Protein chains: 2
Amino acid sequence: MDVDTRLLRYFVAVAEEGTLTRAAERLFVSQPALTKQIKQLETRLGVRLFTRSRTGMALTEPGRALAERVPGLLTDWDQVVREAKRAAGRAVRVLRVGFLASAANEATPRIITEFARRRPGWRADMRQATWSNPSAGLADGDVDAALLRLPFPGQDTLRTAVLFTEPRWVALPTGHPLAACDLIAFDDLRDEPFVAAPPESGWWRDHWLAVDERDGHPVTIGAVTDQPDDWLSAIANGYGIAFAPASAARFYARPGVTYRPVSGLGPSRVGVAWSPADDTDPVVQDFVRCCLDHGPGPGENPAGDAPRPNGPPHTPPPPNTTGTDRPGGPASARA
Amino acid sequence: MDVDTRLLRYFVAVAEEGTLTRAAERLFVSQPALTKQIKQLETRLGVRLFTRSRTGMALTEPGRALAERVPGLLTDWDQVVREAKRAAGRAVRVLRVGFLASAANEATPRIITEFARRRPGWRADMRQATWSNPSAGLADGDVDAALLRLPFPGQDTLRTAVLFTEPRWVALPTGHPLAACDLIAFDDLRDEPFVAAPPESGWWRDHWLAVDERDGHPVTIGAVTDQPDDWLSAIANGYGIAFAPASAARFYARPGVTYRPVSGLGPSRVGVAWSPADDTDPVVQDFVRCCLDHGPGPGENPAGDAPRPNGPPHTPPPPNTTGTDRPGGPASARA
DNA sequence: TGCGCCTATAACCTGACGGCATGGACGTGG
DNA sequence: CCACGTCCATGCCGTCAGGTTATAGGCGCA
């Protein structure tokens with residue numbers, strides 16, 4: 001009895017949500033597509049899995065039997081895939097490192113230099129991820145370690161360590177009225193349209209839209225982008241503004257985009273992340289140590305709030321919108 | 001990372017066979033299809049699984065990692081499916097019984113009557129299977145028990161008990177020269193074209209073509225059929241002859257088809273089969289007991305060779321060809 | 001009675017998967 | 001030395017499965 005694992009994930013989603021409509025939203029597919037897929041799963045197995053009603057989809061007895069074991073199978077499968085990918089890197093002595101945007105800023109070259117010194121024969125393969133992939137491939141086993149902004153979705157199943165902290169600024173079109181100010185109050189930005197990350201990034205998108213700081217005030221989405229370049233263009237073209245680490249002013253300077261400090265907004269943390277499966281892996285742990293030793297600038301405190309000891313510090317994080325993976329979030333729009 | 005389990009079975013087959021060509025034969029697909037599928041699996045995972053050479057496909061390091069764990073995942077999945085199907089039957093108090101052709105002949109009604117007596121409230125659901133499914137759905141978990149001809153493929157992973165034995169006869173077109181004989185020697189039939197079961201039935205097909213008794217002499221396939229009705233038509237229309245249990249003369253009498261005893265050919269055994277998982281299931285075990293108590297005719301010995309204590313005994317088994325799931329088998333033809 | 005919440009169906013489009021035929025690489029045997 | 005066998009790869013094409021949008025239908029509720 002052959003089935004696509006995607007079909008199994010569909011099944012689990014419907015079983016958990018209790019309705020096709022909600023499950024369809026969560027899976028980013030249309031409701032009719034789900035209807036058909038579930039029906040097909042039932043005919044393929046020759047077993048009725050749900051009883052339909054106006055109130056939703058309720059598991060039958062065999063459905064419950066399936067729902068009990070399928071999630072375990074799926075995590076097993078994901079685990080197997082991760083192991084295979086991992087073996088691929090090990091075989092050629094490559095440590096795969098994912099990162100988002102400018103990674104650890106000026107610290108990045110220091111870290112990889114140090115890693116090369118400690119592990120002769122090994123190579124660190126740096127792979128930039130898009131914002132639809134907030135764990136930079138770590139969750140999928142595409143990389144062994146990742147340099148990224150904390151917090152990020154899926155963080156609880158991984159290990160993380162903070163390298164340094166920097167303030168969140170705002171990026172706006174140069175012609176924007178507020179661009180004239182040297183310091184902008186968060187409250188003045190609340191009603192602006194924002195350039196956001198794609199919905200798949202979940203609440204990470206919310207984090208960079210400062211949803212938590214808005215007291216329920218809804219976010220206006222002016223554009224959705226997946227990479228720094230599109231993001232810069234969207235801002236320069238006036239589709240919206242976006243929060244960004246202060247370091248973005250150095251790494252992502254561009255005509256038409258102006259960066260300004262924001263008051264009333266918490267800082268951003270840069271960290272290194274790895275899989276618990278690599279807690280005892282000497283190579284990965286070496287890399288983590290390199291990050292901790294050389295990530296913070298000289299004299300910088302890993303947990304500290306100091307904006308910049310070695311020149312102005314900042315990086316560009318992804319912009320986001322309201323989380324679509326939590327029911328009840330504000331609606332997302334598209335440029 | 002979503003994949004069709006079929007793709008995983010493809011992968012396992014290639015890993016085990018060591019060449020695409022052989023694996024393709026075993027999977028009943030073309031070699032180019034396999035080439036493409038394996039390539040797709042590799043790109044989906046982002047990992048090279050095989051190193052290609054003129055001698056075949058050799059697993060890479062990550063390929064080995066995968067090959068080690070995938071078979072386990074597949075059997076787990078099959079197991080889960082079986083459990084779900086099983087739960088479906090239990091929920092409505094139905095014992096699903098698969099059978100092939102005439103099942104246990106005249107004993108069948110006795111068995112289900114006795115089961116109804118022992119298990120009030122339960123119903124035995126009899127499901128006829130095609131010959132492409134020699135375990136009558138037991139291997140897939142579609143049924144809880146099965147009445148079928150022994151031996152059958154997959155038998156070693158299931159439980160079986162013999163009910164009775166009957167001679168193998170031959171079915172031929174009424175106009176066939178040999179139809180005039182009262183008893184036909186096996187050797188006289190060797191070069192006749194045969195009506196066979198589909199290749200998926202593996203060596204069960206071979207069994208009914210008496211491949212083992214031919215000393216390597218190749219089989220001529222005149223037609224391939226999947227059900228008793230097609231089988232009778234094929235014989236009546238002269239596409240070939242076929243071996244059949246003696247009881248077929250009673251259960252599958254038809255103008256144009258004549259049944260004759262064969263000398264020099266071993267008998268056929270009828271048995272009941274069930275899954276080891278049901279060794280302790282009271283309902284299944286009750287059914288098995290009904291079979292053993294009421295399967296053999298009065299005074300008939302379950303292991304005995306007695307052709308008929310209660311009138312002429314026989315049933316129609318499926319015809320088959322040479323096993324295509326063993327490399328080197330004769331080519332299969334089509335009507 | 002109209003609205004809102006479900007699920008199911010219809011019509012349509014695209015892409016994946018399978019088949020056949022063929023090509024290219026390489027070793028073997030007459 | 002060339003013809004052949006055995007691998008895997010590629011191109012072309014038909015079919016079907018999966019997705020989309022639009023819409024229908026059942027039922028509770030204000």
Side-chain angles (χ1 to χ4, degrees), chain A residues 1-46 48-60 63 198-200 324 327-328 331-332 334, chain B residues 1-46 48-60 63 198-200 224 324 327-328 331-334:
Chain A
M1 192 54 27
D2 285 323
V3 181
D4 195 320
T5 55
R6 186 176 33 78
L7 201 46
L8 298 183
R9 296 187 210 277
Y10 283 4
F11 166 72
V12 171
V14 175
E16 286 178 2
E17 295 289 343
T19 101
L20 282 175
T21 321
R22 277 206 306 275
E25 288 172 17
R26 166 168 146 190
L27 295 166
F28 301 105
V29 297
S30 69
Q31 169 261 316
L34 249 197
T35 297
K36 275 195 287 192
Q37 291 299 300
I38 295 296
K39 196 170 297 186
Q40 171 179 337
L41 180 61
E42 288 180 327
T43 62
R44 289 264 271 271
L45 300 183
R48 190 146 209 81
L49 299 172
F50 296 95
T51 58
R52 277 81 163 161
S53 72
R54 51 207 135 300
T55 85
M57 311 272 287
L59 284 169
T60 62
E200 308 92 89
T324 46
S332 64
R334 172 161 286 280
Chain B
M1 193 52 28
D2 285 323
V3 180
D4 195 320
T5 54
R6 185 177 34 80
L7 201 45
L8 298 182
R9 296 186 210 276
Y10 284 5
F11 165 73
V12 171
V14 175
E16 287 178 1
E17 296 290 343
T19 105
L20 283 176
T21 320
R22 276 207 307 275
E25 288 173 16
R26 165 169 145 187
L27 295 166
F28 300 106
V29 297
S30 70
Q31 170 262 315
L34 248 197
T35 297
K36 277 190 281 194
Q37 289 301 301
I38 294 296
K39 196 170 298 183
Q40 170 179 337
L41 181 60
E42 288 179 328
T43 62
R44 287 263 271 272
L45 298 184
R48 192 147 208 80
L49 298 173
F50 296 95
T51 59
R52 277 83 165 159
S53 74
R54 51 213 127 294
T55 87
M57 311 272 286
L59 283 169
T60 62
E200 308 93 89
V224 173
T324 47
S332 65
R334 174 161 284 282

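The shown structure was predicted, so the numbers you read here are calculated from the model rather than taken from an experiment. Sequence lines set the chain letters: A, B, ... in the order given, protein chains first and strands last, and positions in each chain run from 1. Below, each value reflects all heavy atoms present in this structure, side chains not excepted, and no hydrogens, waters or symmetry copies.
Remark: A/Arg44 pairs with no residue by the salt bridge (charged side-chain N to carboxylate O under 4.0 Å, His left out) rule, at least two apart or across chains. With sequence neighbours left out, the side-chain contact (heavy atoms from CB on, under 4.5 Å) criterion links B/Ser53 to B/Thr55. For A/Arg6, the side chain to side chain donor-acceptor pair (under 3.5 Å) partners are A/Asp4, not counting sequence neighbours. By the side chain to side chain donor-acceptor pair (under 3.5 Å) test, B/Ser30 pairs with no residue at all, sequence neighbours left out.
Here B/Tyr10 lies in heavy-atom contact (under 4.0 Å) with sugar-phosphate atoms only.
Counting heavy atoms from C-beta outward, B/Arg26 and B/Glu16 have side chains that approach closer than 4.5 Å. In this structure, the side chains of B/Ile38 and B/Met57 come closer than 4.5 Å at one or more pairs of heavy atoms. The shortest side-chain heavy-atom distance between B/Leu41 and B/Val3 falls under the 4.5 Å cut-off.
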Please assess B/Gln31 against B/Thr35 for the test side chain to side chain donor-acceptor pair (under 3.5 Å), listing each intermediate value before the final yes or no.
CA-CA 6 Å; B/Gln31 170 262 315; B/Thr35 297; 2.9 Å; yes
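Separating the CD atom of A/Glu17 from the C1' atom of C/dC6 is a distance of 14 Å, rounded to the nearest angstrom. One interatomic measurement links the two molecules: CD of B/Gln40 to P of C/dG15, which rounds to 14 Å at whole-angstrom precision. A straight line from CD of A/Glu25 to P of C/dC5 spans 11 Å, rounded to a whole angstrom. The distance from atom CZ of A/Arg6 to atom C1' of C/dA16 is 11 Å, rounded to the nearest whole Å. A/Gln37 places its CD atom 13 Å from the P atom of C/dA8, with the value rounded to the nearest Å.
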Each nucleotide N or O in nucleotides 19-25 of chain C that has a protein N or O under 3.5 Å away: list the pair and distance.
| from | atom 1 | to | atom 2 | distance (Å) |
| --- | --- | --- | --- | --- |
| C/dG19 | OP2 | B/Ser30 | N | 2.8 |
| C/dG19 | OP2 | B/Ser30 | OG | 2.9 |
| C/dG19 | O6 | B/Lys36 | NZ | 2.8 |

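The phosphate of C/dC5 (OP1 or OP2) has no side-chain N or O of A/Thr21 nearer than 4.0 angstrom.
In the 5' to 3' direction, nucleotides of DNA chain D lying under 4.0 Å from heavy atoms of chain A begin and end at D/dG18 to D/dC27.
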